[in-house]
Novice: 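Quick one: the structure is below, questions incoming.
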Amino acid sequence: MSAARIPATTLRPVARSFFARPVLDVARDLIGCVLVHDSADGRVAGSIVETEAYGVDDPGSHAFRGPTPRNAPMFEAPGRAYVYFTYGMHWCFNAVTDRTGVPGAVLIRAVEPIEGIDLMRARRLSGAKSPRRGVRLRDLARGPARLTQAFGIGPEHNRTDLTRPPLFIGMGERFPDDAVRATPRIGLGAAQDGRRWRFVVSGSSYASGPSSRSG
DNA sequence: CAGAAGATCATCT
DNA sequence: GATGATCTTCTGT
C-alpha cells in the first residue's frame, strides 16, 4: 500500500499536545504524518512509514539508567528533537514524547519520499566514499541513519522544535489500525508497558520489510 | 584511563 | 549471512 501524496503547501504542523502523550500512542500516530525539512537547498518531505517507541521501562532506551548529557533531551519538553550519534558515523532522529521529566522518544526509522527526491539523492550520494550508483527511491530514507542523511538532519537539530519550520512534523494521512503492523521489540509482555514497539505501514516497500528477521 | 557496546549501513560471499 | 567502518558515550577501576 502506498501512502497518499499530500501537497506540501497544505501541510500544517501537528500541535504540541500531539507529542505530550504516552510514547506508544505517539509512535502509533506518527505513522502517516509527514516529516518536513526546509533548508537553503530546498524542501524535503516524506510520509512516515516506520517508527519505534523508547519508553521508561525499556532497558534498551538511552534513558533507562537515568539522565546523562547525551539523553537529556529525552527528559525535557515534548515536541522537540532528540538527535544522537552512533556507530561512529550515523545520526538518528527522535521525537521527544510524554511529559517533561518522563523520558520518552520515538525513533523515526523510515519515510516514503514525497518531495525533494533529487535533493535526498544528492545528500545520500555525497556521503559515499567511492562513486556509487544512484540510490534507489525505496532506499533513500529507509532506515534511521539513511533518513537523517537524506533529510540533512544532524547534531544542530538536537532539541529543535518539531511543531514549526524548518524541521517539523506535518499532519498527514490516518492509517487504519489494520494497515499498521505493531511489533513488540522486547518481551511478549511489552504490550502493556511503555516499552519498545515498532510500528510499520503494512506492506510498504519504503519500510523494513517482514523479511527483516532480527526481531 | 581503558574497555566495551552501540536505536546502522554498505559491501562482500 | 557476515564483516568492517569509525568514534561517541558510558561504565568500572
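Only heavy atoms go into these numbers, but all of them, side chains included; no hydrogens, no water, no symmetry mates. Just so it is clear, the model here is predicted, and its values are computed rather than measured. So you know, we letter chains A, B, ... as the sequences are listed, proteins then strands, and number each from 1.
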Novice: Between B/dA7 atom P and A/L147 atom CG, what is the distance in whole Å?
Specialist: 17 Å
Novice: Measure the distance from CZ on A/F93 to P on B/dC9 and round it to the nearest whole Å.
Specialist: 15 Å
Novice: Is the side chain of A/D98 donor-acceptor paired with the backbone N or O of A/A20 at a distance under 3.5 Å, no angle test?
Specialist: no
Novice: Between A/D139 and A/R124, is there a salt bridge with N-O shorter than 4.0 Å?
Specialist: no
Novice: Nearest to the A/A145 side chain among B/dC9, B/dA7, C/dT8, which nucleotide is it?
Specialist: B/dC9
Novice: Starting at the 5' end of DNA chain C, what dot-bracket string do you get if Watson-Crick and G-U pairs under 3.5 Å are bracketed, crossing pairs use [ ], other-strand pairs use | and unpaired bases use dots?
Specialist: |||||.||||||.
Novice: Could you give the OH-to-P distance, from A/Y84 to C/dC10, as a whole number of Å?
Specialist: 13 Å
Novice: Looking at A/D177 and A/R174, is any side-chain nitrogen of the basic one under 4.0 Å from a carboxylate oxygen of the acidic one?
Specialist: yes
Novice: Is the phosphate of B/dT8, meaning OP1 or OP2, less than 4.0 Å from a side-chain N or O of A/R109?
Specialist: yes
Novice: Would the number of heavy atoms belonging to other residues, nucleotides or ligands and lying under 6.0 Å from CZ of A/R65 be above 12?
Specialist: no
Novice: Between atom CZ of A/F93 and atom CD1 of A/I153, what is the distance when rounded to the nearest 0.5 Å?
Specialist: 5.0 Å
Novice: Expressed in angstrom and rounded to an integer, what is the separation of A/I108 atom CD1 from B/dA7 atom C1'?
Specialist: 12 Å
Novice: Nearest whole Å is fine: how far is C/dT6 P from A/F85 CZ?
Specialist: 11 Å
Novice: Is A/D161 paired with A/R80 through a side-chain N to carboxylate O contact shorter than 4.0 Å?
Specialist: no
Novice: Is there a donor-acceptor pair under 3.5 Å between the side chain of A/T51 and the backbone N or O of A/A27?
Specialist: yes
Novice: Residues of residues 63-76 of chain A with any non-hydrogen atom less than 4.0 angstrom from an atom of DNA chain C: list those, numerically ordered, please.
Specialist: A/R65, A/T68, A/P69, A/R70
Novice: Can a donor-acceptor pair be found, under 3.5 Å and without considering hydrogens, that links the side chain of A/N158 to the backbone of A/V83?
Specialist: yes
Novice: Just N and O in the side chain of A/H90: are any of them under 4.0 Å from OP1 or OP2 of C/dT6?
Specialist: no
Novice: Relative to A/F19, does A/R16 satisfy both conditions: NZ or CZ under 6.0 angstrom from the six-membered ring centre, and within 45 degrees of the ring's axis?
Specialist: no
Novice: Which residue in the set A/Y54, A/Y84, A/F85 passes ring pair (Phe, Tyr, Trp, His ring centres under 6.0 Å) when paired with A/H62?
Specialist: A/Y84
Novice: Counting only side-chain heavy atoms from C-beta out, which of C/dA5, B/dC9, B/dG6 sits nearest to A/P144?
Specialist: B/dC9
Novice: Mind checking A/Y87 for me? I need base, sugar-phosphate or nothing, with any heavy atom below 4.0 Å counting as a touch.
Specialist: base
Novice: Nearest whole Å is fine: how far is C/dT6 C1' from A/M89 CE?
Specialist: 4 Å
Novice: Choosing from B/dA10, B/dA7, B/dC9, which nucleotide comes nearest the side chain of A/R124?
Specialist: B/dA10
Novice: Centroid distance below 5.5 Å plus an interplanar angle below 30 degrees: do A/Y54 and B/dA7 meet both conditions?
Specialist: yes
Novice: Expressed in angstrom and rounded to an integer, what is the separation of A/R146 atom CZ from B/dA7 atom C1'?
Specialist: 15 Å
Novice: Write down the distance between CG (A/N158) and C1' (C/dT8), rounded to a whole number of angstrom.
Specialist: 14 Å
